[in-house]
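Keep in mind that the numbers below use all heavy atoms, side chains included, and drop hydrogens, waters and symmetry copies. Please read all numbers here as calculations on a predicted model, not as lab measurements.
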Amino acid sequence: EPIGKVGIALGADELQLMDEVKQAWSEALGEQAERHRIEWKRSNPPVPWYDVIQDPRTAENPNVVLWTAAYLPEFLPWLYPKRSARDNGTARADFLAPQFKQGRLLRDVTGLTIALPANLAEQITKQLRALGYSQLDAKGGVTLQGPEWTLTLLESDERPRGLLPIDMTSTPRPADFRELSIGPRSRITFHEGRATWSFE
């Protein structure tokens with residue numbers, strides 16, 4: 001995505017679930033959602049990589065794009081030819097397992113806050129509710145509770161828009177390790193097993 005635009009990718013661990021996602025989003029927004037096939041083009045010939053479902057109204061804007069993706073069954077056997085068929089499934093965990101390191105500082109995203117136009121917030125809310133997310137009222141917007149993470153959408157028809165705090169779990173840190181600066185405009189603050197990445 002271009003600089004300044006937020007991308008939210010949801011993963012379906014089984015390819016057949018994509019038909020259900022497409023139907024749910026088409027019904028929620030009253031317009032046919034689109035399904036595309038993406039190829040890994042850094043090989044010759046390109047390799048089928050994943051399928052993606054989007055609704056044009058939450059894709060063709062400068063603020064936030066939301067999509068659901070599922071890996072294709074032929075991709076992981078090509079990427080990891082020495083692994084067993086059981087390990088080379090289509091789940092996100094199958095793809096990420098070789099890259100996972102237990103001792104990494106940041107472990108998992110548990111919450112995102114995004115400022116965006118009101119009409120776009122309404123569309124994304126409808127799409128996530130159609131997938132089973134719970135809706136809670138939040139000051140200035142709405143919070144959507146999903147499996148193991150929350151998305152808070154703050155309605156803003158003026159700048160600045162975009163990604164605000166990211167909430168994460170973290171590995172245990174020494175008591176005096178409280179903050180980490182990344183560049184001049186962002187910092188990560190640490191608490192007990194948690195971290196918040198904020199942007200100015």
Below 30° counts as parallel, above 60° as perpendicular, anything between as tilted: where do the rings of W149 and Y133 land?
perpendicular

Mind checking whether L17 and T68 have side chains closer than 4.5 Å, heavy atoms only?
no

Mind checking what makes salt bridge (Lys or Arg N to Asp or Glu O under 4.0 Å) contact with R129, not counting sequence neighbours?
none

Is the backbone of D108 close enough, under 3.5 Å, to the side chain of T169 for a donor and an acceptor to pair up by distance?
yes

Linked, directly or transitively: V109 and I182 (ILVMFWY side chains, under 4.5 Å):
yes

F190 and F177 aromatic centres sub-6.0 Å:
yes

Given side chains that start at C-beta, do those of L66 and D55 come closer than 4.5 Å, heavy atoms only?
no

Do L164 and W197 share a hydrophobic cluster, counting only Ile, Leu, Val, Met, Phe, Trp and Tyr and linking them when any side-chain heavy atoms are less than 4.5 Å apart?
no

Does the side chain of N88 come within less than 4.5 Å of D94's, by heavy atoms?
no

Specify the closest pair of heavy atoms between A33 and S26, including all atoms of both residues, with the distance to one decimal.
N-OG, 2.8 Å

Minimal non-hydrogen separation, F75 against P48, with atom names:
CB-O, 3.5 Å

Between CD of E122 and CG of L116, what distance do you get to the nearest 0.5 Å?
11.0 Å

Under the side-chain contact (heavy atoms from CB on, under 4.5 Å) rule, what do R92 and D13 come out as? Steps first, then yes or no, please.
CA-CA 6 Å; R92 290 167 297 159; D13 285 344; 3.4 Å; yes

Value for CG (L180) from OG1 (T189), rounded to nearest 0.5 Å, stands at 10.5 Å

Tell me, with the steps shown, if R83 and L76 meet side-chain contact (heavy atoms from CB on, under 4.5 Å).
CA-CA 9 Å; R83 292 206 308 177; L76 264 64; 3.8 Å; yes

Just one of L136, L153, T152 clears the side chain to side chain contact (heavy atoms under 4.5 Å, CB included) bar with V142, so which one?
L153

Are the side chains of L106 and I188 in contact, using a 4.5 Å heavy-atom criterion?
yes

Hey, which of V65, N63, L163 is the one that makes side chain to side chain contact (heavy atoms under 4.5 Å, CB included) with K5?
V65

Same cluster or not: are I124 and L10 linked, directly or through other Ile, Leu, Val, Met, Phe, Trp or Tyr residues, by side-chain heavy atoms under 4.5 angstrom apart?
yes

Under 4.5 Å between side-chain heavy atoms, counting indirect links through other Ile/Leu/Val/Met/Phe/Trp/Tyr residues: same cluster for F95 and M18 or not?
no

All heavy atoms of P98 vs all of Y80, minimum pair found to be CG-CZ, 3.5 Å

Report the relative orientation of the aromatic rings in Y50 and Y71; use parallel for angles under 30°, tilted for 30 to 60°, perpendicular for over 60°.
perpendicular

Would you call D167 and R194 a side-chain contact if the rule is heavy atoms closer than 4.5 Å?
no

Quick one: do I8 and I114 satisfy side-chain contact (heavy atoms from CB on, under 4.5 Å)? Show the steps, please.
CA-CA 10 Å; I8 304 174; I114 302 172; 3.7 Å; yes

Neighbour count >12 (heavy atoms, 6.0 Å) for atom CD, E192
no

Kindly check if the number of other-residue, nucleotide or ligand heavy atoms within 6.0 Å of CD (E179) is above 12?
yes

Using modelled atom types only, decide if a donor and an acceptor are shared between the side chain of D51 and the backbone of L15 within a distance under 3.5 Å.
no

Test log, rule side-chain contact (heavy atoms from CB on, under 4.5 Å), inputs I166 and F199
CA-CA 9 Å; I166 304 173; F199 308 89; 4.0 Å; yes

Answer whether the closest heavy-atom distance between the side chains of R107 and F100 falls below 4.5 Å.
yes

Would a distance-only check, ignoring hydrogens and angles, find a side-chain to backbone donor-acceptor pair under 3.5 Å from W25 to Q127?
yes

Which heavy-atom pair separates H191 from T196 by the least distance, and what is that distance?
NE2-OG1, 4.2 Å

May I ask you to decide if S156's main-chain N or O and R161's side chain share a donor-acceptor pair within less than 3.5 Å?
yes

Least distance between heavy atoms, W49 atom then E39 atom
CE3-O, 3.8 Å

Contact between R35 and D19 at the side-chain level, heavy atoms closer than 4.5 Å - yes or no?
yes

Would you name the heavy atoms of Q54 and W67 that are closest together and state the gap between them?
CG-CB, 3.4 Å

CZ (R86) with more than 12 external heavy atoms under 6.0 Å
no

Any chain of hydrophobic side-chain contacts (each under 4.5 Å) joining V21 to L72?
yes

Residues two or more places apart in sequence or in another chain: which of them pass side-chain contact (heavy atoms from CB on, under 4.5 Å) with Q145?
S134, T150

Taking salt bridge (Lys or Arg N to Asp or Glu O under 4.0 Å) as the criterion, tell me which of R57, K126, K22 meets it with E31.
R57

